[in-house]
Amino acid sequence: MYSPEQTSLSSMLDQVWKDYHNGDKEALDNIYEHLMPFCLRVSSKTCGRYISDHDEEASIARLAIIETLEKYDPDKGSGLVFLGQTIRTRIIDYKRKEKKHSLLPVTFLTRNGSSLTGDVEECFFEEILDDLARSQEIEKLKSILGEFNIGFEELVQVSPRQTRSRQNVNRIIDIIVADDELSSYLMEKKMLPMKDMEETWQVNRKLADRYRKYIITAVIIQLNDFPYLRSFILPEARGEQKWQTEKA
Amino acid sequence: MANRKGIVMETGKGWAIILMDNGEYQKIKTNDFLEVGEQYQEKFRLPLSYIAAAVILLALSLTTLDYYSVKTYAQVSSLAELGVNRWGRVVSVQANNEAGQQILNMVEVKNDTLEVAVEKIYTHTLKDEQDNRLSVNKPEISVIGPDRKETKLEEKMLKKIDQGLKQAEKARKKVNSKEHTDYDFHEDEPDYRGEDIDIHEIWEDGDLDRDNLDIGKNNKSLHNEQEQLIIKIDKKHDIITKDKQLLPLESRRNYNSYKNKYDKDNEDSYDDDDDDDDDDDDYEEDVILKINN
């Protein structure tokens with residue numbers, strides 16, 4: 001099953017493939033920017049290290065895109081999977097050639113459960129697409145948190161460790177998300193509506209102040225469209241009891 | 001313990017920040033290649049302290065097991081059988097007869113080296129035999145290894161047993177010689193057996209006649225004691241005769257107080273002299289002034 005991200009990229013590739021075979025040789029330009037992150041991620045996974053746009057493996061991936069447009073057959077499956085397989089095969093061929101000139105063992109490529117010799121399954125590329133979608137969410141979240149002067153490093157420090165305190169904090173998060181006034185106050189003033197929460201919801205001010213950054217981040221994730229991240233912070237997604245948000 | 005999942009939020013060299021499935025942000029140390037957005041599966045690793053504790057416990061239990069495993073048996077006459085471990089320590093003791101049991105009840109040889117254990121038993125046996133006016137025989141000692149491969153160990157044990165026996169023999173000789181030569185000598189009240197000399201008289205006279213102390217010349221040890229006594233007396237004599245006066249024994253104890261008193265008196269008299277001189281000077285000055293006038 002494809003996610004919205006996968007479906008759109010896959011359908012875009014199919015459209016480009018049609019245009020390419022209809023004689024529009026520059027159709028690739030429309031999808032190149034969208035395809036490259038996927039190609040780089042496949043290259044990184046294959047090599048087991050970070051591949052930037054300037055690496056040799058990135059050039060191989062670009063050539064693989066053209067090869068895909070020329071050789072791909074829509075009847076044989078997804079275009080993205082074909083592209084991913086082509087990139088992997090070309091990089092492995094390149095590494096083998098490189099091996100002849102150096103003593104670097106090929107076995108170093110067999111990380112993350114993928115083998116150089118055998119073909120990987122379709123889910124390997126699906127996972128990569130999911131990873132890409134999540135990374136886009138994270139980038140977006142990071143930019144929003146930047147407005148609140150919150151970094152992920154700080155969140156490590158202020159995360160509630162105990163289950164009980166986490167439950168209490170989740171209750172505060174639910175209160176803010178459920179109340180439009182409180183959430184809009186938070187987004188506008190960039191601070192927690194302490195007074196309202198304390199008066200109306202009898203929220204423990206000390207607790208809210210201690211985990212302020214964690215609460216703000218969780219509220220932002222819930223208010224914005226972050227489907228992947230939401231599943232990690234919502235209590236019901238984890239099978240925990242959702243806290244009562246009724247007014248006291 | 002279930003392995004938790006998470007999403008990689010941020011990565012760096014050797015570390016990554018993960019949003020765990022319980023909503024907690026964690027910073028982990030890792031050398032794995034992780035990219036932002038990737039799913040992370042927490043690996044279950046036993047804490048290093050647990051592993052260390054388990055290894056120590058295992059090593060201790062194996063060592064203890066090995067310590068108490070008997071490698072050879074040493075038969076001491078027909079009295080006892082000693083079980084010896086690989087380090088030559090006695091770990092099991094078994095009496096072969098009633099006499100052996102009696103000795104073992106009185107002598108603790110467990111955890112001793114074989115050498116010491118044999119020495120203890122043998123010494124005790126000798127003492128027992130002497131008390132009962134029995135003849136002392138060298139005990140028959142043999143080493144029996146449970147495995148024939150342990151010949152080296154047996155040889156080693158026999159050597160140790162020989163050493164133990166030698167020690168015991170030495171002890172026996174010492175005991176015998178002491179019985180013949182010992183006399184009731186006490187430092188506090190020396191018995192010189194030189195009946196005519198009274199040490200207190202020497203003190204009171206203040207004059208030491210060494211010829212009178214020349215007693216028991218034939219007895220070497222007594223002669224040494226005499227020499228030591230002379231040295232002792234000389235030292236005391238030096239202290240006492242500092243102010244050309246011989247003090248009785250009782251006064252010697254208060255010598256310091258006496259000395260201080262003596263010094264103080266001298267100082268007082270010296271001060272008085274100074275005052276007299278000043279008076280003389282004043283008188284002379286008065287006369288000179290009168291003449292000038």
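In what follows, chains carry the letters A, B, and so on, assigned in the order in which the sequence lines appear, proteins first and then strands, with residues in each chain numbered from 1.
The environment of A/R210 atom CZ is sparse: at most 12 non-hydrogen atoms of other residues, nucleotides or ligands sit within 6.0 angstrom. The environment of B/E98 atom CD is sparse: at most 12 non-hydrogen atoms of other residues, nucleotides or ligands sit within 6.0 angstrom. Within a 6.0 Å radius of CG in B/L62, more than 12 heavy atoms belonging to other residues, nucleotides or ligands are found. Environment of NZ in B/K5: sparse, with no more than 12 heavy atoms of neighbouring residues, nucleotides or ligands closer than 6.0 Å. In B/M106, the CE atom is not crowded: 12 or fewer heavy atoms of neighbouring residues, nucleotides or ligands sit closer than 6.0 Å.
A 4.5 Å side-chain heavy-atom check between B/Q39 and A/R134 finds at least one atom pair inside the cut-off.
Between B/F33 and A/K45 the shortest heavy-atom distance is CE2-N, 4.5 Å. Here the closest non-hydrogen pair linking A/S135 and B/V36 is CB-O, 3.2 Å.
Among A/S159, A/A218, A/P160, the residue making the largest number of heavy-atom pairs under 4.5 Å with chain B is A/S159.
For A/L141, the part sitting under 4.5 Å from any heavy atom of chain B is the side chain, from C-beta outward, and nothing else. For B/Q26, the part lying under 4.5 angstrom from a heavy atom of chain A is the backbone only. For B/I17, the part lying near chain A is the side chain, with the backbone staying farther off; criterion is any non-hydrogen pair under 4.5 Å. Both the backbone and the side chain of A/E153 come within less than 4.5 Å of a heavy atom of chain B.
Atom CG of A/L40 is separated from atom CD of B/E35 by 9.0 Å, given to the nearest 0.5 angstrom. Taking CD from A/Q157 and OH from B/Y25, the interatomic distance works out to 14.0 Å, rounded to the nearest 0.5 Å. Separating the OG atom in A/S44 from the CG atom in B/L34 is a distance of 12.0 Å, to the nearest 0.5 Å. Atom CZ in A/R41 sits 6.5 Å away from atom CD in B/E38 (nearest 0.5 Å).
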Test side chain to side chain contact (heavy atoms under 4.5 Å, CB included) on B/M9 and A/L155 and set out the steps. CA-CA 11 Å; B/M9 302 295 279; A/L155 290 172; over 6 Å; no
Before you tell me yes or no, could you show the steps for A/Y50 and B/T11 under side chain to side chain contact (heavy atoms under 4.5 Å, CB included), namely the whole-Å CA-CA distance, both residues' side-chain angles and the distance that decides it to 0.1 Å? CA-CA 11 Å; A/Y50 178 72; B/T11 55; over 6 Å; no
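A/Y214 contributes a side-chain N or O that, together with a main-chain N or O of B/G23, makes up a donor-acceptor pair within less than 3.5 Å.
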